[in-house]
Amino acid sequence: MFEGVSVKDARSTATLTDLPIEERLKQHIIDGERIGLEDALKIALEQYKPLDIVNVFLLDGMKVVGELFGSGQMQLPFVLQSAETMKAAVAFLEPLMEKIEGSSDSKGVFLIATVKGDVHDIGKNLVDIILTNNGYKVINLGIKQPVENIINAYKEHKADCIAMSGLLVKSTAFMKDNLQTFSDQGITVPVILGGAALTRKFVYEDCQRVYKGRVVYGKDAFADLHFMDKLMPAKTEHHWDDLKGFLDEAGNPMDWSKEEEGAEEPVVEAVAAEPVEEDTRRSEAIDAHIARPTPPFWGTQILNSVDIPWEELFWHLDLQALIAGQWQFRKPREQPREAYDAFLEEKVYPVLARWKARILTENLLHPQVVYGYFPCQSEGNLLHVYDPDGSGTQPFVTWKFPRQKSMRRYCIADFFASTESGQMDVLPMQAVTMGHIASEVAQELFKTNNYTEYLYFHGMAVQLAEALAEWTHARIRRELGFGDQDPDNIRDMLAQRYQGSRYSFGYPACPHIPDQFKQLELLKSDRINLYMDESEQIYPEQSTTAFVAYHPMAKYFSA
């Protein structure tokens with residue numbers, strides 16, 4: 001088998017029809033091959049009960065898929081093809097299965113939800129796909145779920161495990177609060193926590209401290225499956241205790257966290273810091289005496305789909321982030337670069353071309369932009385931003401930015417003209433979106449079991465939102481007179497080899513996310529149906545906001 005390709009592409013042995021029916025069914029699942037599947041199932045039904053076909057041969061195939069994915073020999077999109085095939089096989093067999101009242105054919109009940117204030121569901125839905133197609137009953141509550149909904153669903157379905165998902169940093173705080181509520185309610189079943197903002201240390205120390213039951217770090221969908229495959233037999237064999245976790249033969253607790261792959265994160269002891277006087281002195285590394293541009297207009301403009309050339313948007317796509325990040329077509333460590341490039345050329349770029357065409361012909365995304373220019377002045381670590389529609393005497397909002405404690409002592413405020421200079425500067429700002437349709441189309445693909453296409457489309461929508469943000473920033477540079485310095489290739493463009501920088505609230509140099517409320521108010525982003533709720537979540541999901549520092553020294557930095 002060649003790493004980075006599907007099993008079907010690599011197999012050079014006998015065709016499926018030459019295999020014994022048991023192996024043929026298993027191979028259908030491994031290959032993600034639906035052609036001839038129903039014929040194979042009909043043959044198998046002559047010898048086996050429908051439930052045995054599912055629990056033995058089909059689930060054996062999914063087990064192999066999981067092993068191949070874990071070893072890096074199968075990419076995620078091919079895993080989802082296998083899951084689609086499994087779903088089709090079960091749908092064919094289900095009407096033929098005998099239903100015994102009060103019985104359950106599932107291996108266990110798994111409850112999953114995206115926590116309150118978070119609309120990100122790709123990770124949660126991948127967990128749903130993997131566990132459902134490995135024999136578990138998954139109760140998928142959806143996005144933005146308050147703790148009361150999770151508790152009610154747990155009681156109704158008698159879940160063996162609860163999983164909470166979220167992408168935002170704030171979601172980790174909601175997870176911790178939910179765990180405390182679970183404990184207060186007497187719930188002790190294992191809880192899996194998953195999301196990009198989580199760390200193993202946070203889960204096994206901070207979160208475990210507030211929950212009476214056991215918490216588990218779910219680094220990906222297969223980690224959740226691995227845990228459930230160990231949990232359910234352990235419960236049957238009385239080798240599980242809700243408070244102690246897994247037990248050995250002598251009844252002693254076993255530490256599940258030690259079984260996970262990956263090194264332990266170092267534990268850093270907190271040291272109480274001595275109070276220090278705030279440093280507000282301008283960085284000497286940032287030239288204050290540069291020419292300040294005049295914007296083409298003050299206030300905002302809206303750009304609709306007809307104003308945004310799709311060919312330029314596609315040009316700004318970060319293919320590395322899309323293919324390796326969103327789609328997870330990653331080059332295995334041992335694979336030669338030439339082989340990986342050939343695989344991309346043969347298998348992945350046609351997918352990209354197909355989805356570009358489909359987005360255009362089916363009108364699946366509705367890109368919109370609101371951007372504009374606002375008067376501003378700095379004062380120490382503060383940036384005063386004025387409403388261009390007002391008198392300009394009092395700032396509409398004042399943002400405070402952190403300053404580096406060492407190195408060049410950067411602070412975003414230093415990039416703009418100071419109040420002492422007597423000069424009014426310009427702050428460009430932008431908000432971009434792919435529209436609510438992006439989430440609607442993605443959910444429709446998921447609900448109709450088109451798992452692979454769901455992954456492809458969701459990734460395209462996310463990265464096209466980023467591409468639109470990059471395109472809008474390039475437009476701002478041109479309008480301010482710096483466009484002639486832009487690179488002519490996407491690699492240099494994504495490496496920020498142009499003048500200035502685009503910052504979004506929540507990142508190290510401007511970490512205070514609530515500042516975004518006033519930013520959206522200034523932009524009047526509700527005109528493109530883009531807003532932020534009380535949980536500081538941007539809607540629609542495939543949207544980004546930013547402000548631009550055009551100063552030649554403006555680059556990303558950590559404060």
Side-chain angles (χ1 to χ4, degrees), residues 108-121 123-124 127-128 131 136-219 223-224 227-228 230-232 234-235 238-247 251-257 260 265 267 270 513-514 533-537:
V109 180
F110 188 88
L111 172 65
I112 190 168
T114 300
V115 296
K116 180 175 72 173
D118 201 319
V119 300
H120 298 91
D121 64 356
K124 170 182 62 65
V127 171
D128 183 348
L131 268 77
Y136 292 94
K137 179 180 179 180
V138 176
I139 311 300
N140 188 338
L141 296 185
I143 60 174
K144 297 176 61 180
Q145 292 297 313
V147 67
E148 296 81 10
N149 289 7
I150 299 173
I151 291 173
N152 291 338
Y154 160 74
K155 293 176 178 178
E156 177 185 352
H157 298 282
K158 299 178 173 60
D160 296 293
C161 180
I162 298 172
M164 294 188 289
S165 174
L167 185 68
L168 307 174
V169 172
K170 192 159 187 174
S171 297
T172 64
F174 284 131
M175 290 178 187
K176 190 174 177 181
D177 291 344
N178 290 356
L179 288 168
Q180 183 64 64
T181 305
F182 293 165
S183 286
D184 295 343
Q185 294 277 328
I187 297 172
T188 58
V189 294
V191 176
I192 300 176
L193 305 178
L198 289 168
T199 65
R200 296 181 75 255
K201 180 179 181 292
F202 177 77
V203 170
Y204 288 121
E205 293 186 20
D206 295 61
C207 293
Q208 185 62 77
R209 196 175 294 124
V210 301
Y211 186 52
K212 294 176 182 177
R214 309 309 299 170
V215 292
V216 176
Y217 175 47
K219 67 174 184 176
D224 292 21
F227 176 79
M228 290 300 293
K230 183 168 183 179
L231 172 68
M232 297 314 295
K235 290 180 67 172
H238 305 291
H239 288 162
W240 170 266
D241 181 278
D242 273 0
L243 303 185
K244 298 178 181 177
F246 291 109
L247 307 175
N252 299 313
M254 300 165 58
D255 189 352
W256 168 259
S257 67
E260 296 178 322
E265 297 169 5
V267 178
I513 293 177
D533 69 6
E534 67 280 359
S535 299
E536 299 165 13
Q537 167 68 54

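Because the structure is predicted, anything quoted here is derived from the model rather than measured. These numbers come from the heavy atoms of this one structure, side chains and all, not from hydrogens, waters or symmetry mates. Counting from 1, the numbers follow the sequence of the chain as shown.
- With a 4.5 Å cut-off on side-chain heavy atoms, Phe182 and Val147 count as touching.
- Contact between Phe110 and Ile192 at its shortest, heavy atoms only, is CE1-CD1, 3.8 Å.
- Inter-residue side-chain proximity for Ser165 and Val115 is flagged as unmet; no heavy-atom pair is nearer than 4.5 Å.
- Taking CG of Leu247 as the reference point, atom CH2 of Trp240 lies at 8.5 Å (rounded to 0.5 Å).
- No donor-acceptor pair under 3.5 Å is formed between the side chain of Thr188 and the backbone N or O of Leu243.
- A distance of 8.0 Å separates NZ in Lys244 from CG in Asn252, rounded to the nearest 0.5 Å.
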- Item | Asp241/Phe246 under side chain to side chain contact (heavy atoms under 4.5 Å, CB included): CA gap, chis, key distance, verdict | CA-CA 6 Å; Asp241 181 278; Phe246 291 109; over 6 Å; no
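- Residues Ala113 and Leu141 share a closest heavy-atom pair of CB-CB, 3.9 Å.
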- Query: How far apart are the C-alpha atoms of Tyr217 and Phe227, what are their side-chain angles, what is the distance that settles it, and do they pass the ring-ring contact (aromatic ring centres under 6.0 Å, His included) test?
  - Reply: CA-CA 10 Å; Tyr217 175 47; Phe227 176 79; over 10 Å; no
List, one per line, each side-chain donor-acceptor pair under 3.5 Å for residues 150-164, sequence neighbours excluded.
residue : atom : partner : partner atom : Å
Asn152  : ND2  : Glu148  : O            : 3.2
Asp160  : OD1  : Lys235  : NZ           : 2.7
Asp160  : OD2  : Val109  : N            : 2.8

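- Between Gln145 atom CD and Asn140 atom CG the span is 9.0 Å, to the nearest 0.5 Å.
- Between the side chain of Glu205 and the backbone N or O of Gln208, no donor-acceptor pair lies under 3.5 Å.
- Side-chain contact check for Lys144 versus Val119: some heavy-atom pair is nearer than 4.5 Å.
- Between Thr199 and Phe202 the shortest heavy-atom distance is OG1-N, 3.0 Å.
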Could you give the side-chain donor-acceptor pairs of residues 166-177 under 3.5 Å, partners two or more places apart or in another chain?
residue : atom : partner : partner atom : Å
Lys170  : NZ   : Glu536  : OE2          : 3.2
Ser171  : OG   : Asp118  : OD2          : 2.6
Thr172  : OG1  : Val169  : O            : 2.6

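- Remark: Tyr136 pairs with Asp229 by the side-chain hydrogen bond (donor to acceptor under 3.5 Å, both in side chains) rule, at least two apart or across chains.
- Across Lys116 and Pro146, no two heavy atoms sit closer than the pair CB-CA, 4.3 Å.
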- Step by step, would you call Leu193 with Cys207 a side chain to side chain contact (heavy atoms under 4.5 Å, CB included)? CA-CA 9 Å; Leu193 305 178; Cys207 293; 3.7 Å; yes
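- The backbone N or O of Asn178 sits nowhere less than 3.5 Å from a side-chain atom of Gln180 that would complete a donor-acceptor pair.
- Taking every heavy atom of both residues into account, Asp121 and Thr114 meet most closely at CA-OG1, 4.2 Å.
- Closest approach of Val203 to Val215, counting heavy atoms only: O-CG2, 3.3 Å.
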